[in-house]
Amino acid sequence: MLNVQNIKNDFPIFKHYPELVYLDNAATSHKPQVVIDALVDFYARQNANVHRGVYELSELASQAYDLARQKVADFLVARSNKEIIFTKGTTEALNLIAQAYAQSNLSRGDEVLVADFEHHSNFLPWQAVCQKTGAVLKLLQSNELGLITDEELQSKLTTKTKIVALAHASNVLGTINDLKKIAKTVHQSGAVLVVDGAQAIPHLSVNVQDLDCDFYAFSGHKMLAPMGIGALYVKEEILSEMQPYQLGGGMIESVALQETIWANYPEKFEAGTPNVAGALALATAIDYLKQISLESIRKHEIKLSQYLLATLKSIGKVKLLGEAPAEMRTGLVSFMVEGIHAHDLSDYLAKNNLALRAGFHCAMPLHQSRQCGATLRASYYLYNTQEDLEILLANLAKAVSYYG
Ligand SMILES: Cc1ncc(COP(=O)(O)O)c(C=O)c1O
């Protein structure tokens, strides 16, 4: 069982805001002191550019950066650290795939499948690359639980499907999709599977070899690391065929007027000075999560979901968006309250120190396909308690009588 009070003490934000009930972890998580220290330490003790200088400080920074890459590779159970590209986050990683892989592998009439619950970051890059190449973007409809069923996938896959891009877990419905099964079906039809892991990686042990996905993208800031750092896993056989989409320093072997030879991957895909401090802090966040254990965090979140799902229904007029049971969702519940706009509700809650997100959560196609307006999302993590949810419920009940 998690010792939540001890965990909370590791996060300085709660010392500055002792009354804060933070339920917006799907947007970003807070950072433990060790992660903040890792950032500061890099600039105070190790600061130098990587893979460029031969002096000691630069070599030490390069070694630390390489070690951070290895930690990410181990965390994802990748075959090799060469399969890990550091990015700013999920958005940059997905755009990288669209431009460095999809653009040269799609032709007119080919098809790309995405789910109706995708975050705009896993929707817009595909829409744009389809418009450029003449490929067709098609939608997979999730069922009432928020799952892409095998029947739905089979019915949309054709011989023209080249890419299936799916969120491991939806940022609105919370539902965790059975990627292993999906990967098998996708590969049988000859397509590749791109996974947006932004909402899954903070909560689940991810093993990219076991899932057998071709790409896995995630952001550090949702899993206790700083903003501006994330990573993209790409299966080596695919990576070795990909061409860079950003060009500049640090990604070449040699440059002459008429010809350039790229460096080997992953450096080939990391043009310019990388976010070394961020990578080191991401590795520290991974160590911190491992030390607490993702398994215990998961058990804790399931209990919180069970409590919230059971009690939310006791407040009249509440309607859930996404019916998945606690065991099938990450750490979030989205809902509406009949007759009260989600923004009015979140305003009311904010005045009582509750931080929740209201709106479309960068997932407009989902709200369109479910024909609903803005929703409120409560998302929790390792430092949240049942008491936080009790405060939420008490304030929701008050808000309902205030606006009702
Ligand atoms: C499912 C999903 N995909 C992609 C993103 C984009 O992540 P980032 O803004 O860190 O690049 C988010 C962020 O909320 C998300 O929830």
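Note that ligands are numbered from 1 as they come in the structure, with each ligand's atoms numbered from 1 the same way.
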Practice item. Would you kindly say whether N384 and H300 are connected by a side-chain donor-acceptor distance under 3.5 Å? Key: no
Practice item. May I ask you to check whether F218 and H168 place their ring centres under 6.0 Å from each other? Key: no
Check your understanding: Any side-chain heavy atom of L280 within less than 4.5 Å of one from Q46?
Key -> yes
Study note, to complete from the structure: Checking heavy atoms under 4.0 Å, the part of A198 that sits near ligand 1 is side chain
Check your understanding: H361: heavy atom below 4.0 Å from ligand 1, yes or no?
Key -> no
Study note, to complete from the structure: Heavy-atom nearest pair, G359 first then H367, reads O-NE2, 3.8 Å
Practice item. For S219, take its heavy atoms, then give the atoms of ligand 1 lying under 4.0 Å from any of them. Key: 7 (O), 8 (P), 10 (O), 11 (O)
Check your understanding: Would you call K71 and K290 a side-chain contact if the rule is heavy atoms closer than 4.5 Å?
Key -> no
Point to revise | Closest to atom 2 (C) of ligand 1 among N171, T90, D196 (heavy-atom distance) | key: D196
Practice item. Below 4.0 angstrom from a heavy atom of S121, which ligand 1 atoms are there? Numbered from 1 as shown, please. Key: 4 (C), 6 (C)
Exercise for review: Return a yes/no value for E92: is any of its N or O atoms, backbone included, closer than 3.5 angstrom to an N or O of ligand 1?
Suggested key: no
Study note, to complete from the structure: When every non-hydrogen atom of A363 is compared with those of V172, the smallest separation belongs to CB-CG2, 3.7 Å
**Study point:** Residue part near ligand 1, for H221, under 4.0 Å between non-hydrogen atoms
**Key:** side chain
Exercise for review: Just need the protein heavy atom nearest to atom 15 (C) of ligand 1, so name the residue and atom and give the distance.
Suggested key: H119 CD2, 3.3 Å
Practice item. For atom 13 (C) of ligand 1, grab the closest protein heavy atom and report residue, atom and distance to one decimal in Å. Key: K222 NZ, 2.8 Å
Review point. Taking the six-membered ring for Trp, are F11 and Y288 parallel (under 30°), tilted (30 to 60°) or perpendicular (over 60°)?
Key: perpendicular
Practice item. With the side chain counted from C-beta on, respond yes when V318 and V337 share a heavy-atom pair under 4.5 Å apart, and no when they do not. Key: yes
Study note, to complete from the structure: atom 16 (O) of ligand 1: closest protein heavy atom, distance to 0.1 Å, is Q199 NE2, 2.7 Å
Exercise for review: May I ask you to identify the nearest protein heavy atom to atom 9 (O) of ligand 1, giving residue, atom name and distance to one decimal place in Å?
Suggested key: T91 OG1, 3.6 Å
